[in-house]
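Take a look at the structure set out below.
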2 protein chains.
Amino acid sequence: MKKTTLKDIAKALNVSVSTVSKALHDIPEISEETRILIQNYAKEKNYRPNYNALSLKNKRSKSIGVIIPNMLNYFYMQVLQGIEKEAASHGYRIMTTISNESYQKEVEIIDMLSTGSIDGFLLAISKETEENGEFSHFTDSVKFGFPIVMFDRVSEHVECDKIITDDLNASADAVSYLVKQGCKRIAFVSPLKSLSIGRLRFEGYKKGLEQNNLPLDPNLVINTNEPDYKQYDAMIRPLYEHKIDGIISTNESSALSAMKLAKEDGYKIPEDLAVISFANGILARNSHPRLTCVSQHGEIMGAVAAKKLIDKLEKRDDAKSFATEFIETDIVVRDSTR
Amino acid sequence: MKKTTLKDIAKALNVSVSTVSKALHDIPEISEETRILIQNYAKEKNYRPNYNALSLKNKRSKSIGVIIPNMLNYFYMQVLQGIEKEAASHGYRIMTTISNESYQKEVEIIDMLSTGSIDGFLLAISKETEENGEFSHFTDSVKFGFPIVMFDRVSEHVECDKIITDDLNASADAVSYLVKQGCKRIAFVSPLKSLSIGRLRFEGYKKGLEQNNLPLDPNLVINTNEPDYKQYDAMIRPLYEHKIDGIISTNESSALSAMKLAKEDGYKIPEDLAVISFANGILARNSHPRLTCVSQHGEIMGAVAAKKLIDKLEKRDDAKSFATEFIETDIVVRDSTR
DNA sequence: ATTTCATGAAAAAAACCACCTTAAAAGATA
DNA sequence: TATCTTTTAAGGTGGTTTTTTTCATGAAAT
């Protein structure tokens, strides 16, 4: 079976193509009689306009390109879900791609999608790109009329809208939260040193200590770039020789590693050691004890980012001015803190 | 800045549009000199043919529509990752959508994408659709020339290619594995009663018992439809009054619930109770004890499904004949079994 | 009362979007 | 003149939009 086109309808009803088009758009120059006739027939044949023809004519595809660094990440999946829902509710479809943390892949994706397939990008910068500081593929894309809204992992070197977690303050708040629990020697554990989020969370940690008149002890800081598990354990273990009573970790699995090692060293959680972690994913809900988290609201971040891009595409938002929006965090208290 | 079109190049070099097109396609009837000139200019201007124009002309978009019931599912994300990689390697892009387990959403998605946006579908059937047995949107789609390859959750009522886990035999194998560990009273715990995978795993459980000459004790079977956590705990708890020594669960969180309750009842894992679960996700790797799993190779499933669809689209595969392919499972041994 | 012509509605035709294909024409060479 | 190369022009993809054409009506003129 073949999809019905305007031409098919025109031929069947013995009218011209333009008459059909106008009738379906309720344009008044078509007589009531003809219009009803055409509309009924179109409905009967389940007519749907061809998307490619529309895109070609309108110079916009009502599609959004999404670049995710890594799909096996609960937070990004929440963001993606938020994007998909928001986009769908505005009649946009999304093309999902994975950069796999590779700069080269990012370049290829942008090149491949900048051909009328999409109207703009939603993306989180890959690790490699963030490390090598090469952002011209993004700025070029914007120059060629494909607006970008970055989420979570952003760069100050690209002029575009950005939606991020207020990592700095969230981190500082986490410190304050632990202090209220009575913690005095709070460690910071992060494998995200080279990412902007890693830096901000570390800054927030320092700010939090300062706000609470606690000293910054370098012995209590593990700030590194994704080591393998064994290395990581070896780095974390010495912490426990410093009588710590609180840990802030920038991701879930760090927190789990730290808790595992702490238990081996005889710490009781949360009595001797309170643990709070960024990223409120599946692990946090299912760990023993269940993790207290700085919850990042990925779905909201995705929805906000999508909305922002769509506003830009539909000119409800000034194309020349860019804003950075912060998504609030919550502390979800579970069993790893008192 | 504006994207370069064939017309732009033609005007700039003072030749006709078709000359440019032919030159870029290395068609021999264009002179060496002209060809080089045009190709260089095109490269310089970073010319890319417009996707919509191509799709319109060729009546194919080189895009695949993917319908996932739920994004916050590690297994489906592995599948999606496999799909994306395989598709990208063949020059296909994917449009990712979420049915959110809803029949209505599924219908809308198919309707929205069957407009030239995509050439075919990769999908896992939503729970609601599987329950109400209404599949005409799928069969219609196939009739209208949009082939479907189903993965994981499939239906025997739709004629199309299917890629599934060999759930029945995987489940039977899991029983045999536990029996080899010395288990004699093996329980089956599943919240997926109404899904085809749930049924098959239960069949496999029964087959496995039979193969090992063990009786089927209804007291050892919890087969239900997604209860809430508390209900579920209440259903599982009575198991431990029946002196079970093994558990097969059809999903990770069931296994974790069961292990939690078992520990509360004084069972030691894996000494008193061996636990094996379907779905080899993040939870399994991070639980205490770490879960032995029937690993499903989601990425392979995605890649195989994508390959199958692309073969069909490019007529390397007979459009009229449909096959069901099984993806092998492995048992990944961790600490919840001996 | 008949013809003429303006008016306006309704419908059809044509142009355009960017690209590809193919048939035809032009030009060069033998 | 015939043959071969190179270029041009036309037509098609499905839709929207602008321009043209058609046709009926009614008023004014004969």
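Naming: A, B, ... by sequence-line order, numbering from 1 per chain.
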Using whole Å, report how far CG of A:L24 lies from P of D:dT17. 13 Å
Sorted by chain and residue number, the salt bridge (charged side-chain N to carboxylate O under 4.0 Å, His left out) partners of B:K312 (sequence neighbours excluded) come out as B:D161, B:D317
Roughly how far, to the nearest 0.5 Å, is CZ of A:F151 from CD of A:E325? 14.5 Å
Evaluate the side-chain proximity of A:Y51 to B:L113: yes if any heavy-atom separation is below 4.5 Å, no if none is. no
With sequence neighbours left out, which residue pairs that include part of residues 10-29 of chain B fulfil the salt bridge (charged side-chain N to carboxylate O under 4.0 Å, His left out) condition? B:K22-B:E29, B:D26-B:R35
A:K307: which residues meet the salt bridge (charged side-chain N to carboxylate O under 4.0 Å, His left out) condition with it, sequence neighbours left out? A:D311
Looking at residues at least two apart in the chain, or sitting in another chain, which of them share a side-chain contact (heavy atoms from CB on, under 4.5 Å) with A:K57? none
Taking any atom under 4.0 angstrom from a heavy atom of chain A, which nucleotides of DNA chain C are the first and last to qualify, 5' to 3'? C:dA10 to C:dA18
How many Å lie between CG on B:L56 and C1' on D:dT16, as a whole number? 13 Å
Option from B:V66, B:D152, B:I148 for which side chain to side chain contact (heavy atoms under 4.5 Å, CB included) with B:L123 holds: B:I148
Does any donor atom in the side chain of B:T96 or A:T96 lie under 3.5 Å from an acceptor atom in the other side chain? yes
In residues 36-44 of chain A, what residues come within less than 4.0 Å of DNA chain D, judged by heavy atoms? none
Which residues satisfy the salt bridge (charged side-chain N to carboxylate O under 4.0 Å, His left out) test with B:E108, sequence neighbours excluded? none
Keeping to residues at least two apart or across chains, list the salt bridge (charged side-chain N to carboxylate O under 4.0 Å, His left out) pairs with something in residues 125-135 of chain B. B:K127-B:E226
CG of A:N58 versus P of D:dG14: gap in Å, rounded? 17 Å
Contact class for A:L6 (heavy atom, under 4.0 Å): base, sugar-phosphate, or nothing? base
Interatomic spacing from CD1 in A:I94 to CD1 in A:I64 - rounded to 0.5 Å: 8.0 Å
Interface residues of residues 45-53 of chain A with DNA chain D (non-hydrogen, below 4.0 angstrom): A:Y47, A:R48, A:P49, A:N50, A:A53
So CE of A:M301 and CD1 of A:I83: to nearest 0.5 Å the spacing works out to 10.0 Å
A:T129: which of A:E101, A:E106, A:Q104 passes side chain to side chain contact (heavy atoms under 4.5 Å, CB included): A:E106
So what does A:T5 touch, heavy atoms closer than 4.0 Å: a base, only the sugar-phosphate, or nothing? sugar-phosphate
Under 3.5 Å, which N/O atoms of the protein pair with N/O atoms of nucleotides 7-11 of chain D?
from: D:dT7; atom 1: OP1; to: B:T34; atom 2: OG1; distance (Å): 3.3
from: D:dT7; atom 1: O4; to: B:E29; atom 2: OE2; distance (Å): 3.0
from: D:dT8; atom 1: OP2; to: B:S16; atom 2: N; distance (Å): 3.3
from: D:dT8; atom 1: O4; to: B:K22; atom 2: NZ; distance (Å): 3.2
from: D:dA9; atom 1: N6; to: B:S18; atom 2: OG; distance (Å): 3.2

Pairing donors with acceptors under 3.5 angstrom, does anything connect the side chains of B:S55 and B:N52? no
I'd like to know whether A:F138 forms a ring pair (Phe, Tyr, Trp, His ring centres under 6.0 Å) with A:H157, so could you lay out the CA-CA distance, the side-chain angles of the two residues, the decisive distance to 0.1 Å, and finally the verdict. CA-CA 10 Å; A:F138 298 140; A:H157 298 102; over 10 Å; no
Measure CG/B:L54 against C1'/D:dT13 and give the value in whole Å, please. 11 Å
Starting from P on D:dT17, measure out to CD1 on A:I27 and report it in whole angstrom. 7 Å
For A:E84, check salt bridge (charged side-chain N to carboxylate O under 4.0 Å, His left out) against everything at least two apart and list the hits. B:K105
Rounded to 10°, the helix from C:dA1-D:dT30 to C:dA30-D:dT1 deviates from straight, judged by its five-pair end axes, by 90°
